[in-house]
Amino acid sequence: MKRVVALFMLWALLACSPDKPRFQSIDLTGADYAKGFSLPDAQGQTRSLVDFKGKVVMVFFGYTQCPDFCPTTLSEMVQVKHDLGVQGDKMQAIFITLDPERDKPELLRTYMANFDPSFVALVPALEALPALTKDFKIYYKKVEGAKPANYTLDHSAGTYIYDTEGRLRLYARYGLGAPALTADVLQLLN
C-alpha cells in the first residue's frame, strides 16, 4: 500500500508541474519509427495498435526460451498492472516473438497465461521478421547451440510504450524497474 501511495504522490507532483512530463524512460515523442504493427496474435486474429486505443500499450520483443530478459520484463509488466490498481485495465502488454519457428501459437498462449491472461502475444511470419525488427530498431541474432533446436537469440531488451492514442512516446531500457515504469504509465494515462 505504501508503494501505491508513493507512486500516487509522485504522479501528483509531476501532474502539477507546468513543465513537460518528466519520464524515467527515454522520451521518443515524434520518432519516425516503431509506429505500429499488423500481426496475428496467438489466437490467429490480426492485431494493431488501433485495437488497444484508450490504453497505454507496452511492446516487448523476445522469445519463450529466453532465460532472463523476457520473463523479467513480463514480470515487471505484471507488477506495473498491479501497481496501477483500478487503472490496471488501461495498460496493455504486448509480446512480439522473435522466434516464430519455435514459438507456436499454443506455446505462446500458455506462456502468456503464466504472466497475465490479458497480455497479448503476436507472431510475425518468419520472412516478415527482418523488416519488422528493422522498423522497430530491434537487434536479434540466432546463436547456434550444441544441437540445431537448442539455439538461443541475442536480442534488444527494451520496451516501447505508446500513449492511449497509439502514438509512440517512450522507450524503457531493460532493468528500469516496475516503480519507474508505473510512474511513466500513470503520466501517459493522465
Side-chain angles (χ1 to χ4, degrees), residues 24-26 28 31 33-49 51-52 56-83 91-162 168 170-182 184-185:
Q24 295 186 48
S25 300
I26 298 167
L28 296 179
Y33 59 92
K35 291 193 177 233
F37 51 81
S38 181
L39 298 167
D41 66 16
Q43 284 74 30
Q45 179 182 351
T46 300
R47 308 300 291 265
S48 68
L49 282 171
D51 297 326
F52 306 103
V56 169
V57 177
M58 302 176 78
V59 177
F60 181 78
F61 286 77
Y63 67 114
T64 62
Q65 306 283 326
C66 180
D68 42 30
F69 299 134
C70 301
T72 300
T73 298
L74 289 167
S75 294
E76 284 180 347
M77 290 179 183
V78 169
Q79 188 63 50
V80 168
K81 184 176 177 181
H82 175 268
D83 290 348
M91 186 277 286
Q92 180 64 57
I94 296 178
F95 177 82
I96 301 177
T97 183
L98 293 169
D99 191 12
E101 291 179 273
R102 292 186 297 191
D103 288 347
K104 301 301 180 197
E106 54 277 358
L107 174 59
L108 285 165
R109 286 191 295 269
T110 301
Y111 184 71
M112 298 307 285
N114 286 324
F115 294 99
D116 187 292
S118 73
F119 289 7
V120 173
L122 301 177
V123 191
L126 187 59
E127 61 275 5
L129 200 52
L132 177 68
T133 55
K134 183 179 180 183
D135 179 53
F136 277 81
K137 299 182 184 267
I138 296 294
Y139 165 81
Y140 74 105
K141 180 181 177 184
K142 194 176 200 177
V143 179
E144 299 299 332
K147 296 180 182 178
N150 291 345
Y151 62 87
T152 61
L153 293 173
D154 286 344
H155 65 91
S156 304
T159 301
Y160 286 101
I161 304 174
Y162 297 80
L168 177 60
L170 305 171
Y171 181 80
R173 290 188 176 120
Y174 174 75
L176 184 61
L181 289 168
T182 303
D184 284 352
V185 170

Evaluate side chain to side chain contact (heavy atoms under 4.5 Å, CB included) for Met112 paired with Leu74, printing each intermediate quantity in order. CA-CA 9 Å; Met112 298 307 285; Leu74 289 167; 4.2 Å; yes

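- Pairing each heavy atom of Gly62 with each of Cys70, the nearest pair is CA-SG, 3.4 Å.
- Ile138 contributes atom CD1, which lies 8.5 Å from atom CZ of Phe60 (distance to the nearest 0.5 angstrom).
- Counting all heavy atoms, side chain and backbone alike, Ser38 lies closest to Ser48 at CA-CB, 4.5 Å.
- Partner of Phe61 under the ring-ring contact (aromatic ring centres under 6.0 Å, His included) criterion, chosen from Phe69, Tyr140, Phe37, Phe136: Phe136.
- At least one side-chain heavy atom of Arg173 sits under 4.5 Å from a side-chain heavy atom of Ile26.
- Ala42 and Pro105 make their closest contact through O-CB, 3.2 Å (heavy atoms, listed as atom of the first residue, atom of the second, distance).
- With Tyr162 as the fixed residue, the side chain to side chain contact (heavy atoms under 4.5 Å, CB included) test singles out one of Leu28, Ile94, Val59, Leu170: Val59.
- Lys141 contributes atom NZ, which lies 10.5 Å from atom OG1 of Thr152 (distance to the nearest 0.5 angstrom).
- Aromatic pair Tyr111/Phe95: centroids less than 6.0 angstrom apart.
- With sequence neighbours left out, Asp51 forms a salt bridge (Lys or Arg N to Asp or Glu O under 4.0 Å) with Arg47.
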Give the intermediate values and the outcome of side chain to side chain contact (heavy atoms under 4.5 Å, CB included) for residues Met77 and Phe115. CA-CA 9 Å; Met77 290 179 183; Phe115 294 99; over 6 Å; no

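- Here the shortest heavy-atom pairing between Leu98 and Leu153 reads O-CD1, 3.6 Å.
- Atoms CG and SG, from Asp154 and Cys66 in turn, are 10.0 Å apart once rounded to the nearest 0.5 Å.
- Counting only distance, with no hydrogens or angles, the side chain of Lys104 and the backbone of Glu101 share a donor-acceptor pair below 3.5 Å.
- Each of Glu144, Arg102, Gln65, Lys142 was checked for a side-chain hydrogen bond (donor to acceptor under 3.5 Å, both in side chains) with Tyr151, and the lone residue meeting it is Arg102.
- Between Gln92 and Ser118, the closest heavy-atom pair is NE2-O, 2.8 Å.
- Put simply, the side chain of Asp103 never gets that close to the backbone of Leu108: no donor and acceptor are under 3.5 Å apart.
- We find the CD1-CG distance between Ile161 and Leu181 to be 5.5 Å, quoted to the nearest 0.5 Å.
- The aromatic rings of Tyr33 and Tyr160 lie perpendicular to each other, with more than 60° between the two planes, well past the 30° mark.
- Here CD of Gln45 is found 10.5 Å from CG of Leu122. Values are rounded to the nearest 0.5 Å.
- Between atom CZ of residue Arg109 and atom CG of residue Leu107 there is a gap of 9.5 Å, rounded to the nearest 0.5 Å.
- When all heavy atoms of Thr159 and Met58 are compared, the pair lying nearest together is CG2-CB, 3.9 Å.
- Side-chain atoms of Thr97 never come within 3.5 Å of backbone atoms of Tyr63 as a donor-acceptor pair (strictly under, hydrogens ignored).
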